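Each remark here refers to the structure printed beneath this line.
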Amino acid sequence: MKTLREAKVGETLTVVKLRGAGAVKRRIMDMGLTKGVQLFVRKVAPLGDPIELTVRGYELSVRRADAEMVEVE
């Protein structure tokens, strides 16, 4: 399964699954990245960290480590 870390600029993706547990998973969900939500990859920094997304009508920057925990299609 593809993770958000592997996403390319300009892709529109759907969240399939969240990995991780406890506080880390809760923080990702609190940012709006929940199962079934669509997101658009706006920018990726030159070294790949952070990744800028559009989720639920707002812009969100996600660290590479957090993006690794989000499976998308």
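Quantities reported herein were computed from a predicted structural model and do not represent experimental measurements. Residue numbers count from 1 along this sequence.
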Transitive ILVMFWY side-chain link Met29 to Tyr58, under 4.5 Å: yes
Spell out, as yes or no, whether a donor-acceptor pair under 3.5 Å connects the side chain of Asp49 to the backbone of Arg63. no
Are Met69 and Ile28 packed together at the side-chain level, in the sense that at least one heavy-atom pair is separated by less than 4.5 angstrom? yes
Could you list the residues that satisfy side-chain hydrogen bond (donor to acceptor under 3.5 Å, both in side chains) with Arg27, not counting sequence neighbours? Asp66
Mind listing the side-chain donor-acceptor pairs of residues 30-42 below 3.5 Å, one per line with the distance, residues two or more places apart or on another chain?
residue: Asp30; atom: OD1; partner: Arg26; partner atom: NE; Å: 3.2
residue: Asp30; atom: OD1; partner: Arg26; partner atom: NH2; Å: 3.2
residue: Thr34; atom: OG1; partner: Arg56; partner atom: NH2; Å: 2.6
residue: Arg42; atom: NE; partner: Glu52; partner atom: OE2; Å: 3.1

Please tabulate, for side-chain N and O atoms in residues 4-17, each donor-acceptor pair with protein atoms closer than 3.5 Å (sequence neighbours left out).
residue: Arg5; atom: NH1; partner: Glu68; partner atom: OE1; Å: 3.3
residue: Glu6; atom: OE1; partner: Thr3; partner atom: N; Å: 3.4
residue: Glu11; atom: OE1; partner: Lys2; partner atom: NZ; Å: 3.2
residue: Glu11; atom: OE1; partner: Lys8; partner atom: N; Å: 2.7
residue: Glu11; atom: OE2; partner: Lys2; partner atom: NZ; Å: 3.0

